[in-house]
Amino acid sequence: MEPFSTTFYDLQCKIYVLLLGMSSALKLTVPSHTIHGIEGQPLNLPVDYDFNITVTDIQIIWMFEKPQTTLKYLLISVNQTVIPDLEYKDKFTLRPPNASLLIKALHISDEGNYIVKINIHGNGTISKSEQIRVTSDVPVVKPTIYTEPSFGVAEYRGNITLKCTVGSGTRVAYQWMKNGKPIEASTNYSFSANKDTMSIVPVVKEAIGNYSCVASNPISAMESDKIMPTIYYGPYGLTVNSNKGQKVGEVFTLDNGEAVQLYCSADSNPANVYSWIRKADNSTHLIKYGRYLEVASEKVKQKTEEYMCSAYNNMTGKRDETRIVVIIMPRGLEQLAQKGKYLSPLAIITGISLFLIVSMFLLTFWKRFQFHKVIQQMQKSRPEADYRGAHTISGHENALDDFGIYEFVAFPDPAGISMVSSCSGSDVVQGQDFNGTVYEIIRHIPEQHQEHQE
Ligand SMILES: *[C@@H]1O[C@H](CO)[C@@H](O)[C@H](O)[C@H]1NC(C)=O
Ligand SMILES: *[C@@H]1O[C@H](CO)[C@@H](O)[C@H](O)[C@H]1NC(C)=O
Ligand SMILES: *[C@@H]1O[C@H](CO)[C@@H](O)[C@H](O)[C@H]1NC(C)=O
Ligand SMILES: *[C@@H]1O[C@H](CO)[C@@H](O)[C@H](O)[C@H]1NC(C)=O
Ligand SMILES: *[C@@H]1O[C@H](CO)[C@@H](O)[C@H](O)[C@H]1NC(C)=O
Ligand SMILES: *[C@@H]1O[C@H](CO)[C@@H](O)[C@H](O)[C@H]1NC(C)=O
Ligand SMILES: *[C@@H]1O[C@H](CO)[C@@H](O)[C@H](O)[C@H]1NC(C)=O
Ligand SMILES: *[C@@H]1O[C@H](CO)[C@@H](O)[C@H](O)[C@H]1NC(C)=O
Ligand SMILES: *[C@@H]1O[C@H](CO)[C@@H](O)[C@H](O)[C@H]1NC(C)=O
Ligand SMILES: *[C@@H]1O[C@H](CO)[C@@H](O)[C@H](O)[C@H]1NC(C)=O
């Protein structure tokens, strides 16, 4: 028998020389050239071979090679007889003519390359060899995510670090998932070298989601429970709606004798603290806390009343506010306004035409009495720079008292809400972080407005 001190590569050279011209007589195949085994479990290294010449002897030789070590002989079989290397007597099983090798219990030290060589001897000798790489791994257990910080983080303020840990497992690779989809490194997400740690910087509302990590190695994969980091944000998108289901713009008209419930909403986490403020005569009054405000037309002292809804998020420290001007309209007038808003363009044209006719009528009416001079003086006395926005409402002749062009003029009030009076000892609305705006409502008579343009 040939001594095994010869290296594998020398053998291979000899085999190639030998096989020239008769390579098809013996076929040796291995289903996979790399097999990942489980630590402590049996592992079969499957091998198939076939030949179609008459042979007398069949030799199956298994060898083992680790990087930076010499080739080791494991066992050899001739026909049905197996001769193991005594060092590995109990470690391997071979049942000739089946050439598959069974490793009874795989250990990390068994990792390396397994070489099988088949020699068939008949009219000459034919040899073939194949190589199988074997790895041994410990399966991963279900990973756990640790969040830093464990409490919530306010938007744009801090960062969130998630760490994925597994109790056991070798060669663990980590993959982070958000709502079941893999996360790639980006401006918002960064990873440690082995990806077991993920940082979310900056923390924004969009980062809210269910995060999990998948720990895997060649033989196993486990996903952690999903966790949802607490991210404080908002208030965003402050709007005021009415109980009639319509979104309320800056101006809300209310029919005389009617009541309406306004409610304020804004997206935030945690829930906003809502408060309603009434503005009158340069002063602001906190009416109530909570998102609802009931406005009954009988209780409105003036024809117009200005309210503000404020939403405050006590975790982000951010506040948003929106203002509503409620105008009490005599019956009938409101219907015209409503039609203009919600019905066909024809209705709008009809309304405008009616307005123009009425205006013409009033023009001639007032030309006679010259009322406009007083109003003109009033307007000139106001500095132009104070104007930030203006809104127009029109009426008709049935309500001569209310008739006119209403203009809302806004300018900042540096004094803030220091005039909040009914705030009974509460610390939620504070003067320094509550900067308001003062609004003035001016009524113009249309006839005057037209003369101004001439
Ligand atoms: C049997 O021999 C023929 C040629 O004689 C060859 O083509 C074929 O591949 C061989 N089959 C096997 C299984 O070795
Ligand atoms: C192997 O078996 C064949 C017949 O099947 C026989 O001729 C040969 O001598 C045997 N070889 C050995 C080493 O026993
Ligand atoms: C060889 O043995 C393995 C198990 O040790 C078995 O899975 C395989 O089917 C056998 N091959 C043949 C050709 O009998
Ligand atoms: C043995 O092989 C040679 C060529 O390698 C061939 O000429 C001869 O016929 C073969 N003999 C038998 C019995 O197969
Ligand atoms: C994240 O926050 C920690 C402390 O909260 C800080 O030490 C770290 O530098 C921050 N990382 C980044 C990328 O901002
Ligand atoms: C990433 O951060 C930017 C701001 O830096 C933000 O606009 C964007 O929504 C963030 N995307 C995600 C998915 O968090
Ligand atoms: C996170 O998961 C919970 C429970 O499965 C689900 O109710 C919630 O909508 C999910 N959140 C996101 C942002 O997908
Ligand atoms: C913040 O507001 C929530 C309700 O929106 C309340 O439950 C919580 O106690 C408040 N926290 C502080 C510190 O004021
Ligand atoms: C409102 O304040 C301005 C200046 O702050 C003052 O000129 C005006 O008279 C005040 N109006 C009322 C009704 O108090
Ligand atoms: C309120 O206004 C003052 C100056 O007018 C400013 O210093 C302060 O930051 C403002 N506060 C808020 C909450 O906007």
Side-chain angles (χ1 to χ4, degrees), residues 1-2 4 25-33 35-38 41-62 74-84 88-106 110 114-128 130 132 134 142-145 147 152-153 155 160 162 164 176-183 188-189 198 200 203-214 223-234 236 267-271:
M1 202 161 288
E2 234 181 302
F4 276 92
L26 171 64
K27 274 184 186 161
L28 172 62
T29 53
V30 293
S32 57
H33 285 91
I35 297 176
H36 301 289
I38 301 168
Q41 299 284 307
L43 183 68
N44 185 45
L45 309 183
V47 172
D48 287 323
Y49 68 98
D50 198 10
F51 54 86
N52 61 5
I53 55 165
T54 317
V55 298
T56 51
D57 298 301
I58 304 167
Q59 279 191 335
I60 303 163
I61 303 161
W62 277 97
L74 302 178
L75 51 75
I76 185 167
S77 75
V78 184
N79 287 354
Q80 306 295 314
T81 315
V82 179
I83 306 154
Y88 312 116
K89 190 163 77 74
D90 299 324
K91 198 160 177 63
F92 302 101
T93 304
L94 183 75
R95 302 197 190 285
N98 190 331
S100 301
L101 182 73
L102 179 74
I103 305 171
K104 286 178 182 164
L106 185 68
D110 300 330
Y114 287 79
I115 298 147
V116 60
K117 182 169 182 269
I118 308 244
N119 303 322
I120 53 171
H121 182 72
N123 183 9
T125 303
I126 308 169
S127 294
K128 285 248 170 125
E130 278 291 354
I132 300 169
V134 169
K142 188 176 173 176
T144 311
I145 297 180
T147 316
V153 173
E155 236 188 334
I160 296 175
L162 304 176
C164 187
W176 289 91
M177 317 283 276
K178 182 186 175 189
N179 301 329
K181 293 197 191 91
I183 303 173
N188 305 50
Y189 298 102
M198 178 175 73
I200 308 176
V203 173
V204 290
K205 185 195 162 194
E206 287 72 26
I208 292 171
N210 290 318
Y211 290 88
S212 60
C213 77
V214 177
E223 185 170 0
S224 70
D225 284 335
K226 290 176 165 57
I227 65 142
M228 195 147 99
T230 307
I231 295 173
Y232 300 123
Y233 64 90
Y236 290 133
D267 185 21
S268 78
N269 181 38

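This structure is a prediction, so every number in the text was calculated from the model and none was measured. When a ligand or atom number is given, it counts from 1 through the structure's own listing order.
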> Using atom types as modelled and distance alone, determine if a side-chain donor or acceptor of E155 lies under 3.5 Å from a backbone N or O of K205.
yes
> Is the side chain of T56 donor-acceptor paired with the backbone N or O of G122 at a distance under 3.5 Å, no angle test?
no
> For atom 7 (O) of ligand 3, find the nearest protein heavy atom and state the residue, atom name and distance (0.1 Å precision).
N44 ND2, 4.3 Å
> Return the closest protein heavy atom for atom 8 (C) of ligand 7 as residue, atom name and distance.
N210 ND2, 3.8 Å
> Among all the protein's heavy atoms, is there at least one whose distance to atom 14 (O) of ligand 7 comes out below 4.0 Å?
yes
> Which heavy-atom pair separates P46 from P31 by the least distance, and what is that distance?
O-CD, 3.3 Å
> Of all the non-hydrogen atoms in the protein, which one sits nearest to atom 2 (O) of ligand 2, and at what distance?
N79 ND2, 2.2 Å
> In Å, rounded to the nearest 0.5 Å, how long is the span from CD of E130 to OG1 of T29?
7.5 Å
> Starting from the C-alpha separation in whole Å, work towards a yes-or-no answer on side-chain contact (heavy atoms from CB on, under 4.5 Å) for I53 and I126.
CA-CA 10 Å; I53 55 165; I126 308 169; 3.4 Å; yes
> For the CD atom of Q59 and the OG atom of S77, what is their distance to the nearest 0.5 Å?
8.0 Å
> Number the atoms of ligand 7 from 1 as they appear, then name those within less than 4.0 Å of a heavy atom of N179, with their elements.
12 (C), 13 (C), 14 (O)
> Evaluating non-hydrogen atoms only, which member of V78, T56, D57 is closest to atom 4 (C) of ligand 2?
T56
> To the nearest 0.1 Å, how far is atom 9 (O) of ligand 3 from its closest protein heavy atom, and which atom is that?
N98 ND2, 4.6 Å
